[in-house]
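Read through the structure below, which is laid out as structure tokens, and then see the notes.
The model shown is predicted, which means the values in this text are computed figures rather than measured ones. Convention: sequence-line order gives letters A, B, ...; per-chain numbering from 1.
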Number of protein chains: 2
Amino acid sequence: MADLNKLLTPLFLNEVEIRKIIELLFFSYRDFTEGPDKVLEKINFGRAHHRVIYFVGKQKNLTIKELLSILKITKQSLSRVLNQLVNEKYIILSVGEDKRTKKLILSKKGQELERRLSEIQIKKIRNVLLKFNEMDINGFKKILYEMVDVKNKEKFDEINR
Amino acid sequence: MADLNKLLTPLFLNEVEIRKIIELLFFSYRDFTEGPDKVLEKINFGRAHHRVIYFVGKQKNLTIKELLSILKITKQSLSRVLNQLVNEKYIILSVGEDKRTKKLILSKKGQELERRLSEIQIKKIRNVLLKFNEMDINGFKKILYEMVDVKNKEKFDEINR
DNA sequence: ATAATTAAGTCAATATGGCTGACCTAAATA
DNA sequence: TATTTAGGTCAGCCATATTGACTTAATTAT
């Protein structure tokens with residue numbers, strides 16, 4: 001007897017089709033990070049520096065704790081990267097209202113680097129989206145959002161409030 | 001004078017919206033790799049091992065050269081990972097028709113690991129896609145494909161021929 | 001007022017996954 | 001026969017992450 005479940009699986013839920021998505025995620029993410037990576041390399045920084053600069057630029061008066069909760073890395077990992085960014089004056093630290101905390105902001109230099117790096121990715125995405133209609137784009141956004149785990153959806157919502 | 005270009009930018013091409021996509025790509029990719037990573041850790045493997053197993057499983061009689069052209073890493077980087085997989089009998093090497101080349105195939109053990117790892121990602125994607133209609137899914141796939149650089153699109157097409 | 005918790009920082013060791021450069025062998029091709 | 005190709009290996013380096021242990025200063029709870 002034929003496997004009715006299999007016969008009834010819609011085309012887009014076929015394993016073959018889903019594996020294509022797995023591969024596209026791998027290829028697209030790699031290509032997506034390639035541009036900034038090349039720029040960062042020239043100044044002896046890595047992708048981790050971009051992430052820090054990105055979220056510090058996004059969120060004004062971000063604290064270390066909040067940054068750690070976005071990046072989900074240990075403070076020891078963050079510290080190396082952050083110390084470099086502070087030493088080289090891309091990021092400025094100041095004491096928060098709660099004096100145990102620190103506020104992080106981008107310096108002019110930091111803002112310029114942030115712009116330079118993110119612009120590559122923004123342009124890439126904009127050029128892609130221009131080829132599609134609003135329906136396709138909505139599908140893309142909604143599904144991408146749904147690919148994020150519940151806890152991180154909350155984090156995403158929080159930083160985009 | 002107001003910047004007409006900015007006023008005319010459709011909502012979905014706004015920088016704010018595009019930055020959301022940047023963040024969703026970061027969060028979703030991280031969550032996407034988390035499941036297999038945990039399984040791999042238990043057997044002292046990493047994400048690189050998964051990639052190798054994935055593509056060896058996909059393409060029968062893959063050669064080292066072809067694998068390198070998919071992964072885009074150096075042969076020295078591949079060698080460490082691949083040697084472990086061969087030593088621990090997940091992958092079997094044999095001589096190709098061109099006797100300089102080697103064919104890579106998954107052993108039973110390798111197939112089982114491949115299944116276990118990819119199943120996590122397949123289920124995750126399937127559960128997500130189930131919530132959407134075909135139009136949304138098409139938008140997602142098409143845009144993801146368009147996010148891949150031209151050269152890698154060719155590679156993707158090649159392995160899905 | 002004191003104790004407990006929190007935010008941040010630091011030191012040390014370890015793993016993974018990349019890289020470059022140099023060099024080798026064997027087989028296929030020009 | 002000479003050159004190119006596929007694959008392998010040694011050595012060293014770098015970036016990014018981890019765990020564990022411990023410190024300081026400030027806030028909060030008892």
Side-chain angles (χ1 to χ4, degrees), chain A residues 26 29-31 33-34 36-56 61-88 91-104 117, chain B residues 26 29-31 33-34 36-56 61-88 91-104 117:
Chain A
F26 168 58
Y29 195 76
R30 193 177 56 184
D31 291 342
T33 51
E34 195 198 338
D37 283 356
K38 278 184 190 162
V39 174
L40 288 156
E41 210 187 343
K42 288 181 211 154
I43 51 176
N44 290 306
F45 283 167
R47 203 177 292 176
H49 298 84
H50 185 193
R51 284 177 189 151
V52 170
I53 282 187
Y54 181 92
F55 288 110
V56 171
N61 293 326
L62 195 66
T63 64
I64 304 277
K65 195 197 174 193
E66 283 161 358
L67 182 53
L68 285 172
S69 78
I70 294 169
L71 298 174
K72 293 241 179 96
I73 55 174
T74 59
K75 63 179 170 178
Q76 295 92 324
S77 295
L78 175 59
S79 115
R80 181 184 32 86
V81 169
L82 184 57
N83 285 336
Q84 284 175 293
L85 289 167
V86 171
N87 288 337
E88 300 186 28
I91 287 178
I92 296 163
L93 299 180
S94 60
V95 178
E97 276 183 48
D98 178 337
K99 284 176 185 170
R100 288 171 305 179
T101 67
K102 283 186 181 166
K103 292 177 183 174
L104 296 113
L117 295 172
Chain B
F26 169 58
Y29 194 77
R30 193 178 58 182
D31 292 341
T33 51
E34 194 198 339
D37 283 355
K38 278 185 188 160
V39 174
L40 289 156
E41 209 187 344
K42 289 182 211 152
I43 51 175
N44 289 305
F45 283 168
R47 202 177 292 175
H49 298 83
H50 186 194
R51 283 177 189 151
V52 170
I53 283 188
Y54 180 91
F55 288 110
V56 171
N61 293 328
L62 193 67
T63 64
I64 303 277
K65 195 196 173 192
E66 283 161 359
L67 182 53
L68 285 173
S69 78
I70 294 170
L71 298 175
K72 293 239 180 99
I73 55 174
T74 59
K75 64 178 171 180
Q76 294 93 324
S77 295
L78 175 59
S79 114
R80 181 176 28 82
V81 169
L82 184 57
N83 285 336
Q84 285 175 290
L85 289 167
V86 171
N87 288 336
E88 301 186 28
I91 286 178
I92 297 163
L93 298 181
S94 61
V95 177
E97 276 184 46
D98 178 335
K99 285 176 184 169
R100 288 172 305 178
T101 68
K102 284 185 179 168
K103 293 178 184 175
L104 296 110
L117 295 172

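Rounded to an integer number of Å, the gap from CD of Glu41(A) to C1' of dA15(D) is 11 Å. Across the protein-nucleic acid pair, Asn87(A) atom CG and dG9(C) atom C1' stand 14 Å apart, rounded to whole Å. A straight line from CD of Glu97(B) to C1' of dA27(C) spans 14 Å, rounded to a whole angstrom. Taking atom CG of Leu82(A) as the reference point, atom C1' of dA7(C) lies 14 Å away to the nearest angstrom. Going from atom CG of Leu85(B) over to atom P of dG8(D) covers 13 Å, rounded to whole Å. Between the NZ atom of Lys65(A) and the C1' atom of dA26(D) there is a distance of 14 Å, rounded to whole Å. In this structure, Lys103(A) atom NZ and dA7(C) atom P are separated by 16 Å, rounded to whole Å. Atom pair Ile64(B):CD1 and dA26(C):P shows a separation of 18 Å (rounding to whole Å applied).
The side-chain contact (heavy atoms from CB on, under 4.5 Å) check on Lys103(A) picks up Asn61(A), Ser94(A), with sequence neighbours excluded. Applying the side-chain contact (heavy atoms from CB on, under 4.5 Å) rule to Ser77(A) yields the partners Ile73(A), Thr74(A); only residues at least two apart in sequence or on another chain are considered. The side-chain hydrogen bond (donor to acceptor under 3.5 Å, both in side chains) search around Ser79(A) returns none, not counting sequence neighbours. Scored by the salt bridge (charged side-chain N to carboxylate O under 4.0 Å, His left out) test, Lys42(A) finds no partners at all (sequence neighbours excluded). Among residues two or more places apart in sequence or in another chain, the side-chain contact (heavy atoms from CB on, under 4.5 Å) test is passed with Arg80(B) by Gln84(B). Not counting sequence neighbours, the partners of Asp98(B) by the side-chain hydrogen bond (donor to acceptor under 3.5 Å, both in side chains) test are Arg100(B). For Glu34(A), the salt bridge (charged side-chain N to carboxylate O under 4.0 Å, His left out) test picks out Lys38(A), with sequence neighbours left out. With sequence neighbours left out, Lys72(B) forms a side-chain contact (heavy atoms from CB on, under 4.5 Å) with Arg30(A), Asn152(B).
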Using atom names, set out every protein N or O paired with an N or O of nucleotides 3-5 of chain C below 3.5 Å, distance rounded to 0.1 Å.
none

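Checking dA26(D), dG8(D), dG7(D) against the side-chain heavy atoms of Leu93(B) singles out dG8(D) as nearest.
Checking Leu78(A) against Lys99(A), the closest nucleotide of DNA chain D that is more toward the 5' end is the one next to Leu78(A). In terms of position on DNA chain C, the residue among Ser79(A) and Asp98(A) whose nearest nucleotide sits closer to the 5' end is Asp98(A).
Sorted by first and then second residue, the salt bridge (Lys or Arg N to Asp or Glu O under 4.0 Å) pairs involving residues 44-54 of chain A (not counting sequence neighbours) are Asp37(A)-Arg47(A).
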**Request:** Can you run through DNA chain D from 5' to 3' and write each base as (, ), [, ], | or . depending on how it pairs? Watson-Crick or G-U wobble, both distances under 3.5 Å.
**Result:** ||||||||||||||||||||||||||||||

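The aromatic rings of His49(A) and Phe45(A) lie parallel to each other, with less than 30° between the two planes, well short of the 60° mark.
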**Message:** One character per nucleotide, please: for nucleotides 13-23 of chain C, 5' to 3', B when the base has a protein heavy atom closer than 4.0 Å, S when only the sugar-phosphate does, - otherwise.
**Reply:** ---SBBBBBB-

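Of the possible polar contacts, none joining the Glu88(B) side chain to the Leu85(B) backbone as a donor-acceptor pair under 3.5 Å is found.
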